[in-house]
**Student:** 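Okay, handing you the structure first.
Counting from 1, the numbers follow the sequence of the chain as shown. Quick caveat: nothing in here was measured; it's all calculated off a predicted structure.
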Amino acid sequence: MAKIFAVANQKGGVGKTTTTVNLAAGLATQGQRVLLVDLDPQGNATMGAGVDKRALTESVYQVLLGVSTIERVRQRSEAGGFDVLPANRELAGAEVDLVDLEQRETRLKMALKGVDEQYDFVLIDCPPSLSMLTLNGLCSANGVIIPMQCEYYALEGLTDLVNTIKKIHANMNRDLKIIGLLRVMFDPRMTLSQQVSEQLETHFGDKVFKTIIPRNVRLAEAPSYGVPGVNFDKSAKGAQAYIQFAQEMIQRIQTM
């Protein structure tokens with residue numbers, strides 16, 4: 001039975017997509033069966049996994065509307081070794097189209113039941129807003145992975161996100177909980193980064209992943225080649241960090 005995790009943060013530019021794609025690739029290197037669900041209309045996770053969003057005839061949009069299935073729509077990321085439920089700009093229309101549908105918050109959850117036994121992990125890349133798409137991701141998930149930079153504004157947004165997760169847990173998805181906070185784009189030379197990192201450890205304890213993802217040029221370059229950073233340059237510090245994070249995730253779910 002698949003463990004389903006939403007990668008979410010209401011703040012943009014914090015490395016959600018980079019984390020989703022590279023965690024998927026990292027888990028695949030550990031022999032895990034992985035499905036990446038791209039819920040962002042920008043389709044960056046789709047492209048970063050090596051799937052051309054411009055060539056799609058169907059996407060997660062059709063799955064959410066109930067006119068197609070995950071088995072029909074999913075694509076194989078040959079570059080990453082995992083499956084992708086892709087997205088493109090068409091998904092932007094889902095906000096309007098879902099409003100009039102029954103069980104609009106749980107459309108993705110219902111669709112995932114059809115492939116539950118085929119995967120060990122399902123990772124959902126959520127858009128940087130509390131939209132109907134993000135709500136579908138959070139209602140489907142067993143837990144939330146929160147990537148965040150160690151800076152002041154990130155702490156401000158974290159409070160709002162934690163409150164949102166608590167509300168969804170109370171009203172829509174009793175299984176939902178915070179799996180952990182992942183420190184990304186970390187620069188140890190900056191005093192502020194170290195201070196915020198220490199604050200996170202003080203306030204959230206073991207909810208903070210031990211793995212820290214450093215700021216890394218090779219990770220930033222990888223999407224333009226349609227290859228996850230983990231596979232683009234395996235010797236890079238960023239790639240090695242995401243492999244370590246995948247191993248930590250596997251260990252953490254064994255204790256859940």
**Student:** Quick check for you: to the nearest 0.5 Å, what is the distance between R33 atom CZ and E117 atom CD?
**Tutor:** 8.0 Å

**Student:** Please check if the side chain of T46 supplies one atom and the backbone of A87 the other of a donor-acceptor pair under 3.5 Å.
**Tutor:** yes

**Student:** Rounded to the nearest 0.5 Å, what separates atom NE2 in H169 from atom CD1 in I165?
**Tutor:** 11.5 Å

**Student:** For the side chain of N136 and the backbone of R104, is there at least one donor-acceptor N/O pair under 3.5 Å apart?
**Tutor:** yes

**Student:** After noting the C-alpha distance and the side-chain angles of V144 and L138, does the key distance pass the side-chain contact (heavy atoms from CB on, under 4.5 Å) rule?
**Tutor:** CA-CA 8 Å; V144 185; L138 294 176; 3.7 Å; yes

**Student:** Does any non-hydrogen side-chain atom of Q10 lie less than 4.5 Å from one of L130?
**Tutor:** yes

**Student:** Can you confirm whether more than 12 heavy atoms, excluding those of K166, are under 6.0 Å from its NZ atom?
**Tutor:** no

**Student:** Parallel, tilted or perpendicular: which fits the ring planes of F121 and F5, with parallel below 30° and perpendicular above 60°?
**Tutor:** tilted

**Student:** Test side-chain contact (heavy atoms from CB on, under 4.5 Å) on V184 and T18 and set out the steps.
**Tutor:** CA-CA 10 Å; V184 299; T18 299; over 6 Å; no

**Student:** Going through the distances and angles, do F204 and I146 end up as a side-chain contact (heavy atoms from CB on, under 4.5 Å)?
**Tutor:** CA-CA 12 Å; F204 290 94; I146 305 174; over 6 Å; no

**Student:** Where do V21 and G48 come nearest, in terms of heavy atoms and distance?
**Tutor:** CG1-O, 4.0 Å

**Student:** By the definition side chain to side chain contact (heavy atoms under 4.5 Å, CB included), identify the one residue from N163, N9, L200 that meets it with L158.
**Tutor:** L200

**Student:** Is there a donor-acceptor contact under 3.5 Å from the side chain of K210 to the main chain of E248?
**Tutor:** no

**Student:** Atom CZ of R74 and atom CZ of R76: how far apart are they, to the nearest 0.5 Å?
**Tutor:** 9.5 Å

**Student:** About how many Å separate CD of Q240 and NZ of K234, when rounded to the nearest 0.5 Å?
**Tutor:** 12.0 Å

**Student:** Quick check: is V14 connected to F209 through a chain of hydrophobic side chains (ILVMFWY, heavy atoms under 4.5 Å apart)?
**Tutor:** no

**Student:** Using modelled atom types and a 3.5 Å cut-off, is there a donor and acceptor pairing between side-chain atoms of D120 and backbone atoms of Q32?
**Tutor:** no

**Student:** Could you point out which residue of V208, T211, I213 forms a side chain to side chain contact (heavy atoms under 4.5 Å, CB included) with R183?
**Tutor:** V208

**Student:** Looking at L65, is its backbone amide N or carbonyl O close enough to the side chain of R107 to form a donor-acceptor pair, meaning the two atoms are under 3.5 Å apart?
**Tutor:** yes

**Student:** Establish whether M47 and L56 are linked, either directly or via other cluster members, by ILVMFWY side-chain heavy-atom contacts under 4.5 Å.
**Tutor:** no

**Student:** Taking a hydrophobic cluster as the set of Ile, Leu, Val, Met, Phe, Trp and Tyr residues connected by side-chain heavy atoms closer than 4.5 Å, whether directly or through intermediates, do I4 and L39 fall within one such cluster?
**Tutor:** yes

**Student:** Just verifying a value: how many Å separate L98 CG and L135 CG, rounded to the nearest 0.5 Å?
**Tutor:** 10.0 Å

**Student:** Can you check side-chain contact (heavy atoms from CB on, under 4.5 Å) on V196 and E151, steps first, answer last?
**Tutor:** CA-CA 6 Å; V196 172; E151 57 182 34; 5.6 Å; no

**Student:** So do S77 and L36 actually touch side chain to side chain, heavy atoms under 4.5 Å?
**Tutor:** no

**Student:** Return yes if some donor-acceptor pair links the side-chain N/O of E58 with the main-chain N/O of S68 below 3.5 Å, else return no.
**Tutor:** no

**Student:** Working to the nearest 0.5 angstrom, can you tell me the gap between K3 NZ and L123 CG?
**Tutor:** 13.5 Å

**Student:** Side chains of R218 and E221, heavy atoms from C-beta outward: is any pair under 4.5 Å?
**Tutor:** yes

**Student:** Is there a side-chain contact between L133 and P41 in this structure, where contact means two heavy atoms from C-beta onward sitting under 4.5 Å apart?
**Tutor:** yes

**Student:** Does one side chain, of N44 or T17, offer a donor that lies under 3.5 Å from an acceptor on the other?
**Tutor:** no

**Student:** For the hydrophobic clusters of this structure (ILVMFWY residues joined by side-chain heavy atoms under 4.5 Å, transitively), does one cluster hold both Y242 and V227?
**Tutor:** no

**Student:** Would you find a donor on one side and an acceptor on the other, under 3.5 Å apart, between the side chain of T164 and the backbone of D160?
**Tutor:** yes

**Student:** Between I179 and R252, what is the shortest heavy-atom contact and its length?
**Tutor:** O-NH1, 2.8 Å

**Student:** Do F245 and I145 have side chains that get closer than 4.5 Å, going by heavy atoms?
**Tutor:** yes

**Student:** Any donor-acceptor pair under 3.5 Å linking the side chain of N173 with the backbone of I168?
**Tutor:** no

**Student:** Does the side chain of L64 come within less than 4.5 Å of L101's, by heavy atoms?
**Tutor:** no

**Student:** Would you say that N142 contacts I253 through its side chain, given a criterion of any heavy-atom pair below 4.5 Å between the two side chains?
**Tutor:** no

**Student:** Do the non-hydrogen side-chain atoms of L91 and S59 ever get within less than 4.5 Å of each other?
**Tutor:** no

**Student:** If you group Ile, Leu, Val, Met, Phe, Trp and Tyr by side-chain heavy-atom gaps below 4.5 Å, do L182 and I212 land in one group?
**Tutor:** no

